[in-house]
Amino acid sequence: MTDATALPGQPRGGVLSGPATARAVNVLAPNASAMTLDGTNTWILSEPDSDLAVVVDPGPLDDGHLRHVVGTAEQAGKRVALTLLTHGHPDHAEGAARFAELTGTKVRALDPALRLGDEGLAAGDVVTVGGLELRVVPAPGHTADSLCFHLPADRAILTGDTVLGRGTTVVAHPDGRLGDYLDTLRRLRSLTVDDGVHTVLPGHGPVLDDAQGAVEYYLAHRAHRLAQVETAVEDGHRTSSEVVAHVYADVDRSLWPAAELSVRAQLEYLKEHGLI
């Protein structure tokens, strides 16, 4: 059995649901799959001495899960005062409107189509609720509307699908753009170096206790895959499906459709930079 401390980002073992930091509690949604890992992590954030909480990514439209999130907050003496979204994929955002009904909260997101209320979210915004401070970090790449939330008091960052607790994320053409994603990873690395961020609270999978190690692994992985795709094209594999069969031969075939979208994003990046 591999020691977790030897894995990229040092993932925590044990049960995923429950307290992760002094201010963050995870409620795991029951939507496990090959793409969502153990399920979507719905984060309840609050100052320890406050009775107000923020929920990030209510998750799928599963009434049992949404009520469980509300109940978890209430059992801790908290009232959900605001809902935030890292991005609009259904496994993170589909339940947001129903969750807003249950809690009477507004929903803030980068994409206006996902918002409930007048306020959105933008790079550099600081969200404060009950003394809790969250800094909005732009994170395009996985999707155009992706955001991360920096929780400075816990030296943590909520990454949605930008950095996962296990494996690597998909940058799927056309909404996903590899150049933007690489810029986002460099931005996150700067937060680990310059702002002391050391904990990743991901949208899927376990908490990571080595944020810098996780981001550097992601950057190295992307560089490696990009080099493989470039070599595959040079060897005559021209279509995205041909490249997938060549480069992702060791990956479960059920994941090849997602891999093909990722390859399309990589091919687009290589074309934009004159490399193929």
Side-chain angles (χ1 to χ4, degrees), residues 8-9 56-57 84-89 92-93 108-112 114 120-127 134-152 155-165 167-205 208 210-230 233 240 243 247 258-276:
V56 177
D57 290 351
L84 304 177
L85 298 176
T86 60
H87 65 297
H89 279 167
H92 293 258
R108 296 181 64 181
L110 179 61
D111 185 350
L114 299 171
L121 291 170
D125 284 353
V126 179
V127 177
L134 286 172
R135 299 174 185 173
V136 179
V137 180
H142 173 68
T143 62
D145 71 328
S146 286
L147 297 170
C148 294
F149 298 106
H150 178 197
L151 180 55
R155 298 172 65 193
I157 190 156
L158 289 87
T159 55
D161 282 354
T162 298
V163 175
L164 305 179
T168 57
T169 198
V170 173
V171 178
H173 179 82
D175 189 32
R177 292 183 58 82
L178 183 57
D180 290 342
Y181 186 67
L182 293 173
D183 288 342
T184 290
L185 291 178
R186 296 183 189 107
R187 188 176 299 116
L188 295 182
R189 182 171 58 186
S190 292
L191 285 173
T192 69
V193 174
D194 300 331
D195 293 88
V197 169
H198 65 68
T199 302
V200 172
L201 305 177
H204 303 279
L208 300 177
D210 177 15
Q212 184 175 347
V215 173
E216 289 180 348
Y217 170 77
Y218 265 57
L219 284 165
H221 171 77
R222 286 295 165 188
H224 177 64
R225 280 296 193 207
L226 201 57
Q228 288 181 309
V229 171
E230 185 177 1
V233 173
S240 55
V243 172
V247 174
E260 185 168 347
L261 294 176
S262 181
V263 165
R264 288 181 185 177
Q266 293 174 79
L267 291 173
E268 187 69 21
Y269 177 87
L270 291 170
K271 288 175 184 176
E272 288 174 353
H273 289 77
L275 298 173
I276 58 172

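- Residues R186 and D183 are in side-chain contact: their nearest non-hydrogen atoms beyond the backbone lie under 4.5 Å apart.
- Among all heavy-atom pairs drawn from E260 and S240, the shortest one is OE2-OG, 2.9 Å.
- Ring geometry, H92 versus H204: the interplanar angle exceeds 60°, so the pair is classed perpendicular (tilted spans 30 to 60°).
- Taking CG from L84 and CG from L134, the interatomic distance works out to 6.5 Å, rounded to the nearest 0.5 Å.
- No side-chain donor-acceptor contact under 3.5 Å links T162 and T159.
- Checking T169 against D161 by side-chain atom types alone, no donor-acceptor pair falls below 3.5 Å.
- Inter-residue side-chain proximity for L121 and F149 is flagged as met; some heavy-atom pair is nearer than 4.5 Å.
- Annotation: side chain of P140 is not in contact with side chain of R177 (no heavy-atom distance under 4.5 Å).
- With hydrogens and angles disregarded, no donor-acceptor distance shorter than 3.5 Å links the side chain of R108 to the backbone of L85.
- At distances below 3.5 Å, not a single donor-acceptor pair connects side-chain atoms of D195 with backbone N or O atoms of T192.
- Of the candidates R222, R264, R225, V171 forms a side-chain contact (heavy atoms from CB on, under 4.5 Å) with just one, namely R222.
- Applying the side-chain contact (heavy atoms from CB on, under 4.5 Å) test to D111 and every residue at least two apart in sequence or in another chain returns A113, L114, D145.
- The line from CG of L147 to CG of L110 is 5.0 Å long, rounded to the nearest 0.5 Å.
- In this structure, L158 CG and T86 OG1 are separated by 8.5 Å, a value rounded to the nearest 0.5 Å.
- A heavy-atom distance below 4.5 Å is found between the side chains of R189 and L219.
- Looking only at distances, no side-chain donor or acceptor of S262 sits under 3.5 Å from a matching main-chain atom of A258.
- Shortest non-hydrogen contact noted between V136 and P138 is O-CD, 4.0 Å.
- Between L270 and L226, the closest side-chain pair of non-hydrogen atoms falls below 4.5 Å.
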Check your understanding: For L164 and Y218, what are the C-alpha separation, side-chain angles and deciding distance, and is it a side-chain contact (heavy atoms from CB on, under 4.5 Å)?
Key -> CA-CA 10 Å; L164 305 179; Y218 265 57; 3.5 Å; yes
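- A donor-acceptor pair under 3.5 Å is formed between the side chain of R155 and the backbone N or O of G196.
- Summarising the geometry, atom CG belonging to L208 is positioned 9.0 Å from atom OG1 belonging to T199; distances are rounded to the nearest 0.5 Å.
- At a threshold of 4.5 Å between non-hydrogen side-chain atoms, the residues V197 and L188 do not count as touching.
- Qualifying ring pair (Phe, Tyr, Trp, His ring centres under 6.0 Å) partners for H142, counting only residues two or more places apart in sequence or in other chains: H87, H89.
- Put simply, CD1 on I276 and OH on Y269 are 12.0 Å apart, with the number rounded to the nearest 0.5 Å.
- Considering all non-hydrogen atoms of both residues, V137 and L191 come closest at CG2-CD1, 4.0 Å.
- In this structure, A139 and C148 approach most closely via the heavy-atom pair CB-SG, 3.7 Å.
- The NE2 atom of H273 lies 8.5 Å from the CG atom of L178; values are rounded to the nearest 0.5 Å.
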